[in-house]
Amino acid sequence: MHIALRQSAAARVEAVELDDAGAELGRHDLDEGALTQWVREREAGHPRWVWSDTARWYPPLLRAGVRVERCVDLRLCHRILRHAVSAAGSELATGGRDGWDSPPPAPSAAPDALFDLEPPPVDDDPVVEWLRQRSAVEGSSQPGRLALLLAGESVGALVAVEMRFAGLPWSPARHDELLTELLGPRPALGRPALMEAALARVREALDEPDLNPDSPVELVKGLQRAGLRATSTRSWELKRIEHPAIAPLLEYKKLARLYSANGWHWLEEWVHDGRFRPVYVPGGVVTGRWASDGGGALQLPRQLRAAVVADEGWTFVVADASQLEPRVLAAMSGDAAMARAGQAQDMYQGMVDAGAVETRPQAKYGMLGAIYGGTTGESGRMRPRIARAFPTAMAYVESAARAGEKGEVVSTWLGRSSPPGAADSYDETASDAELRKLRNDARGWGRFTRNFVVQGTAAEWALCWMGSLRRRLWQLGGGDAADAPLTDRPHLVFFLHDELIVHTPRALAEQVAAELRESAAEAGRLLFGAAPVEFAVTVAIVDSYDQAK
DNA sequence: ACCGTCGGCGCC
DNA sequence: AAAGGGCGCCGACGGT
């Protein structure tokens with residue numbers, strides 16, 4: 001059973017019930033105010049909700065206490081199918097641009113309103129689009145994989161909205177303590193005391209009493225006036241200079257970064273009622289990774305993770321997929337030797353034990369080089385060793401790189417395709433300055449496509465992991481029988497590419513940990529079937545995020 | 001006053 | 001120690 005929702009007019013919603021073959025079973029013209037209750041009742045039948053954008057339809061449902069099990073996010077799925085090589089002949093892919101190619105409408109400016117006061121534009125018909133997407137999947141050369149990708153993308157969209165709704169538990173008091181320890185008390189104006197102290201030492205050591213440390217241009221000039229051979233102010237370049245000004249300067253830069261990016265201003269702007277609620281953007285990265293919008297959610301500095309504190313009586317279960325990208329590469333390339341190395345909990349150590357390289361850092365940087373296309377330094381030196389030990393895996397990424405260099409499109413395991421390589425190709429992402437620059441550099445574009453297939457497939461694994469875990473957590477919390485809202489049960493509060501955080505009543509923590517491991521194994525089976533690759537996860541039960549790892 | 005770009009750095 | 005891939009955010013800066 002599927003139910004498509006559509007804004008049909010101001011304050012009116014049309015719901016169309018469809019059977020699994022796509023035949024229409026019934027239509028309902030609903031008043032917007034009655035929608036949440038209607039969805040609540042229908043949810044008992046476990047339908048898949050078909051809607052334009054999860055970020056638009058789901059938040060008011062969650063606020064009303066309605067959690068849904070399944071959906072199709074038409075816009076996210078459309079974007080995948082528009083470019084997917086495995087569905088290139090479909091009507092969807094060959095047709096011209098339409099409303100489904102446009103970005104989603106801006107989110108509501110009135111967060112407490114059930115729906116926008118201004119009615120959103122009337123949707124394009126979701127039933128028509130859904131049928132078009134089904135037909136694209138069914139006619140594709142990889143229907144099973146594409147269907148899994150679309151399901152994963154859609155469940156990710158549900159999780160993204162649920163995580164914003166629940167929020168990441170955050171202690172403002174602890175955050176303030178950390179800032180005060182590192183920077184000194186919050187100043188009324190000017191720099192915090194410890195930043196000012198570090199700056200004074202820099203000025204003293206350079207004999208530059210008026211040095212402005214916040215302007216890279218001024219800073220380089222000041223360093224040069226003092227006789228230092230600095231051409232930039234990047235910390236890794238500064239580290240190579242021996243001079244008494246360098247240590248305090250690096251300290252100043254570190255503190256300045258913390259102060260401006262995650263200081264008291266950030267705390268006031270982003271943390272309310274003990275929760276950090278960023279906007280997560282599923283599919284926001286070309287490879288399929290999530291992006292975030294506001295608050296820098298995917299760049300929480302380690303320095304501040306002690307401020308992520310579980311509620312009283314609750315705890316966090318933090319899980320991290322170890323060496324996810326190498327494992328994904330082993331599975332997708334079918335490299336048996338690499339898969340054997342991955343039998344170890346620590347895959348890099350497994351590579352050492354297999355005799356491929358001598359040390360763990362060699363394994364790590366060698367693999368990073370293989371996946372990213374590194375040619376210099378340790379990663380470049382290790383490339384031949386990695387290629388000898390794992391020829392099948394290396395051939396796989398080399399092939400992706402050569403395809404990119406020739407301007408060809410590459411695809412992930414489940415079928416997300418890379419943006420077109422040709423510089424004159426017509427594509428909305430062609431306006432992106434970074435992509436344009438890369439396209440004009442064949443080797444650079446080859447590094448991009450090389451990484452795309454691995455990073456993108458890792459993102460697919462992570463979506464499946466998260467989707468599987470979401471279902472298990474709901475069951476652990478009593479399933480549909482328990483009349484408890486999402487945030488009274490074990491629930492996801494954070495996702496960072498290969499890492500998940502669950503907030504759970506303490507008594508359920510061990511079971512949550514087991515589900516995190518089992519869902520990782522399930523994700524591996526979903527993507528790669530019986531391939532002999534293990535997806536090891538490290539799991540920690542902690543009361544604050546900094547205690548993990 | 002506002003806008004886009006850039007250097008730099010946080011995360012994976 | 002640093003370099004390859006992917007991001008977002010900050011302040012500075014140069015343009016209107």
Side-chain angles (χ1 to χ4, degrees), chain A residues 191 212-220 230-240 249-250 252-263 265-266 269-270 278-281 283-305 320-326 328-329 361 364-383 386 397 400-401 404 410 412 418-419 431-435 437-438 441 443-459 462 494-500 545 549:
Chain A
R191 298 182 176 92
N212 173 10
D214 301 318
S215 161
V217 173
E218 291 303 311
L219 183 52
V220 169
T231 53
S232 83
T233 65
R234 296 184 197 101
S235 26
W236 65 264
E237 281 189 11
L238 294 177
K239 276 175 195 154
R240 300 201 295 215
L249 176 55
L250 291 173
Y252 175 85
K253 285 164 69 74
K254 190 151 186 75
L255 296 180
R257 165 80 192 184
L258 175 66
Y259 180 55
S260 68
N262 293 98
H265 182 255
W266 180 92
E269 187 173 353
W270 290 104
V279 175
Y280 299 95
V281 187
V285 178
V286 281
T287 57
R289 272 187 176 181
W290 286 17
S292 66
D293 186 10
L298 306 185
Q299 302 125 255
L300 288 184
R302 291 181 169 275
Q303 282 169 306
L304 287 182
R305 293 185 178 183
D320 176 300
S322 314
Q323 303 98 33
L324 177 57
E325 294 190 353
V328 159
L329 175 57
K364 178 174 178 178
Y365 292 112
M367 277 318 304
L368 288 182
I371 292 171
Y372 295 152
T375 52
T376 60
E378 181 77 332
S379 72
R381 276 196 294 283
M382 286 303 116
R383 277 279 282 284
I386 298 290
V397 288
V410 298
T412 61
S418 64
S431 60
D432 185 287
E434 286 306 307
L435 286 181
K437 202 162 57 189
L438 263 181
D441 163 19
R443 290 226 314 274
W445 194 251
R447 284 194 298 274
F448 168 66
T449 52
R450 170 198 293 267
N451 183 248
F452 181 94
V453 295
V454 181
Q455 185 185 115
T457 303
F494 196 60
F495 168 55
L496 186 56
H497 308 313
D498 60 358
E499 189 174 336
L500 289 171
Y545 188 16
K549 283 209 277 207

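Source: prediction; values computed, not measured. Reminder, nothing fancy here: chain letters follow the sequence lines and each chain counts from 1.
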Nucleic acid contacts of residues 290-302 of chain A, taken as heavy-atom distances under 4.0 Å to DNA chain C: A:Ala291, A:Ser292, A:Asp293, A:Gly294, A:Gly295, A:Gly296, A:Gln299
Atom-pair distance (CZ on A:Phe495; C1' on C:dC7), nearest Å: 13 Å
Distance test, side-chain N/O of A:Arg447 to OP1/OP2 of C:dG4, below 4.0 Å: no
Sequence-distant partners of A:Asp293, salt bridge (charged side-chain N to carboxylate O under 4.0 Å, His left out), two or more places apart: none
Below 4.0 Å: OP1/OP2 of B:dC9 and any side-chain N or O of A:Lys253: yes
Touch class at under 4.0 angstrom, heavy-atom based, for A:Arg443 against every strand present: nothing
Rounded interatomic separation in angstrom, taking NZ from A:Lys364 and P from C:dA1: 13 Å
Sugar-phosphate only, base, or nothing, as touched by A:Phe452 at under 4.0 Å among non-hydrogen atoms: nothing
Base B:dC9 paired with A:Arg257 side chain (donor-acceptor, <3.5 Å): yes
Those residues that, when tested against A:Pro278, pass side-chain contact (heavy atoms from CB on, under 4.5 Å) (two or more places apart): A:Phe276, A:Tyr280, A:Ala297
Distances for protein N/O vs nucleotides 13-16 of chain C N/O pairs under 3.5 angstrom?
| from | atom 1 | to | atom 2 | distance (Å) |
| --- | --- | --- | --- | --- |
| C:dC13 | OP1 | A:Ser215 | OG | 2.4 |

For A:Tyr372, all residues meeting side-chain contact (heavy atoms from CB on, under 4.5 Å), sequence neighbours excluded: A:Glu325, A:Leu368, A:Asn451
Length of the line joining A:Arg450:CZ and C:dG6:P, which is rounded to integer Å: 13 Å
Euclidean distance, atom CZ of residue A:Arg191 to atom C1' of C:dC10 [Å, nearest integer]: 15 Å
Proximity to the side chain of A:Val285 - top-ranked nucleotide from B:dC12, C:dA3, C:dC7: C:dC7
Listed nucleotide nearest any side-chain atom of A:Leu368, set C:dG4, C:dA2, C:dG6: C:dG4
For A:Phe495, ring pair (Phe, Tyr, Trp, His ring centres under 6.0 Å) partners two or more places apart: A:Trp290
Heavy-atom pair of closest approach, residues A:Ala400 and A:Val410: O-CG1, 3.8 Å
Sugar-phosphate only, base, or nothing, as touched by A:Arg234 at under 4.0 Å among non-hydrogen atoms: sugar-phosphate
Listed partners of A:Glu499 passing salt bridge (charged side-chain N to carboxylate O under 4.0 Å, His left out), at least two apart: none
Whole-Å gap separating P (C:dA2) and CE (A:Met382): 18 Å
Sequence-distant partners of A:Glu218, side-chain contact (heavy atoms from CB on, under 4.5 Å), two or more places apart: A:Asn212, A:Ser215, A:Lys221
Sugar-phosphate only, base, or nothing, as touched by A:Glu325 at under 4.0 Å among non-hydrogen atoms: nothing
Short side-chain N/O contact from A:Thr233 to OP1 or OP2 of B:dG8, under 4.0 Å: yes
Value in whole Å for how far the P atom of C:dA1 lies from CZ of A:Arg381: 14 Å
Set of residues satisfying salt bridge (charged side-chain N to carboxylate O under 4.0 Å, His left out) with respect to A:Arg383, sequence neighbours excluded: A:Glu398
Minimum-distance nucleotide to A:Tyr372 side chain [options: B:dC12, C:dG5, C:dA3]: C:dG5
Considering all heavy atoms, the nearest A:Gly295-A:Trp266 contact: O-NE1, 3.0 Å
Rounded distance [0.5 Å steps], CG in A:Asn262 versus CD in A:Gln299: 9.0 Å
Between P of B:dG8 and CG of A:Leu238, the distance in whole Å: 9 Å
5′-ward residue of the pair A:Glu269/A:Ser379 relative to DNA chain C: A:Ser379
Atom-to-atom span, CH2 of A:Trp266 to C1' of C:dC9 - whole angstrom: 12 Å
Presence of A:Ser235 side-chain N/O under 4.0 Å of B:dC9 phosphate oxygens OP1/OP2: yes
Rounded distance (nearest 0.5 Å) linking atom NZ of A:Lys239 with atom CG of A:Leu249: 11.5 Å
